[in-house]
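Throughout, a chain's letter reflects where its sequence line sits, starting with A, and its residues are numbered from 1. Side-chain atoms are counted along with the backbone in the values below, which use heavy atoms only and exclude waters and symmetry mates.
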Amino acid sequence: MKKADIFEFYRRLAELNPSPETELESVNIYTLLVAVVLSAQSTDAGVNKATRALFATVRDPQAMVELGEAGLKSHIKTIGLFNTKARNVIALSHLLIDKFGGEVPTDRDALETLPGVGRKTANVVLNVALGAETFPVDTHVFRVANRTGLAKGKTVMAVETILERQTPQPFRTHAHHWLILHGRYTCKARTPECWRCPVIDLCAFRPKSLPPAKIPASIR
DNA sequence: ATCCCGAGGG
DNA sequence: CCCTCTGGAT
């Protein structure tokens, strides 16, 4: 996508939602980390439903370890991949206590040493908790970037590299959330709702599937 | 049947 | 690169 169009793309999403935030609920950086780990291949709404009860009493690694894997599983049974996630969250909590003084590390390499934490999760924690200019590429960002032509890449890493390089300064901290919210509510996976898309004229997908709207002269 | 703020292992 | 883990919503 052309440089001027990239700027205009973000400018419009920013105008509609000046300060976008994550829809994952958390009470501190530790619970944020846990929520993001739990969110893999699951909806934010589904994760929130489970974590509301969990985070009411468990808000730090020590409490999580005391709850135990079986106890955690009973809280997250309704979330996909819950066996692996429960194991990872308990292991990750032990590691935070043993190697990081009970605190969540704030650099990407350290975060990625935690079980269940990959590049995308680390990028989300850094962006949401610290306001870092990271570009987590999830299913929505990957789809929106490729479909619209904003950043075409065959892998999530390729897309992240392009976003990191091309995103204009005023939009760098929130770009991730604008793309994800646009993907979740408008540029949906199965049936994108192009009729209410604010950037339809900048989109590479629109011309092929939906012809440009022709408004009859009679109603103009 | 497809998708949801993926990661780890082969 | 591929596959598996997994329940809930649509």
Item to check | side-chain hydrogen bond (donor to acceptor under 3.5 Å, both in side chains) involving A:Glu69 - partner list, sequence neighbours excluded | outcome: none
Checklist entry - Any salt bridge between A:Arg11 and A:Glu8, counting N to O under 4.0 Å? => result yes
Item to check | Those residues that, when tested against A:Arg143, pass side-chain hydrogen bond (donor to acceptor under 3.5 Å, both in side chains) (two or more places apart) | outcome: A:His140
Next on the checklist: Surrounding CD of A:Glu103 (heavy atoms of other residues, nucleotides or ligands, distance under 6.0 Å), is the total greater than 12?
Outcome noted: no
Next on the checklist: Under the criterion side-chain contact (heavy atoms from CB on, under 4.5 Å), I'd like the reasoning laid out for A:His177 against A:Ile180: C-alpha separation, chi angles, the key distance, then a yes or no.
Outcome noted: CA-CA 5 Å; A:His177 282 123; A:Ile180 198 172; 4.1 Å; yes
Checklist entry - Using a heavy-atom distance cut-off of less than 4.0 Å, which residues of residues 158-185 of chain A contact DNA chain C? => result none
Checklist entry - To the nearest 0.5 Å, what is the distance between CG (A:Leu54) and OG1 (A:Thr31)? => result 9.0 Å
Checklist outcome for this item: Ranking B:dG6, B:dC3, B:dC5 by distance to the side chain of A:Asp44, first place goes to B:dC5
Are there any protein N/O atoms within less than 3.5 Å of an N/O atom in nucleotides 8-10 of chain C, and if so, which ones and at what distance?
{"unit_1": "C:dT10", "atom_1": "O2", "unit_2": "A:Arg190", "atom_2": "NH1", "d": "3.3"}

Checklist outcome for this item: Result for 5'-nearest mapping on DNA chain B, choosing between A:Lys188 and A:Asn88, is A:Lys188
Checklist outcome for this item: The reported gap from CD1 in A:Ile200 to OG1 in A:Thr186 (rounded to nearest 0.5 angstrom) is 11.0 Å
Checklist entry - Should the heavy atoms of other residues, nucleotides or ligands under 6.0 Å from NZ of A:Lys49 be counted, would the total exceed 12? => result no
Next on the checklist: For DNA chain C, which residues of residues 108-134 of chain A approach it to below 4.0 angstrom with any heavy atom?
Outcome noted: none
Checklist entry - Say you pick atom C1' in B:dC4 and the same atom in C:dT6; how far apart are they, in whole Å? => result 12 Å
Next on the checklist: Please classify the nucleic acid contact of A:Arg143 as base, sugar-phosphate, or nothing, using heavy-atom distances under 4.0 Å.
Outcome noted: sugar-phosphate
Which pairs would a plain distance check flag for residues 86-102 of chain A, meaning a side-chain donor or acceptor within less than 3.5 Å of a matching protein atom at least two apart in sequence or in another chain?
{"unit_1": "A:Asn88", "atom_1": "ND2", "unit_2": "A:Thr84", "atom_2": "O", "d": "3.4"}
{"unit_1": "A:Ser93", "atom_1": "OG", "unit_2": "A:Tyr30", "atom_2": "OH", "d": "2.7"}
{"unit_1": "A:Ser93", "atom_1": "OG", "unit_2": "A:Val89", "atom_2": "O", "d": "2.7"}

Checklist entry - What interatomic distance, in whole Å, is found between P of C:dT10 and the corresponding atom of B:dC5? => result 12 Å
Checklist entry - Taking the inter-plane angle between the rings of A:Tyr10 and A:Phe171 on a 0 to 90° scale, is it parallel (under 30°), tilted (30 to 60°) or perpendicular (over 60°)? => result parallel
Checklist entry - Using a cut-off of less than 4.0 Å, is there contact between a side-chain N or O of A:Thr84 and OP1 or OP2 of C:dT4? => result no
Checklist entry - So with a 6.0 Å cut-off around CD of A:Glu193, is the heavy-atom count from everything else above 12? => result yes
Item to check | Which nucleotide in B:dG6, C:dC1, B:dC5 has an atom nearest any side-chain atom of A:Ala40 | outcome: B:dG6
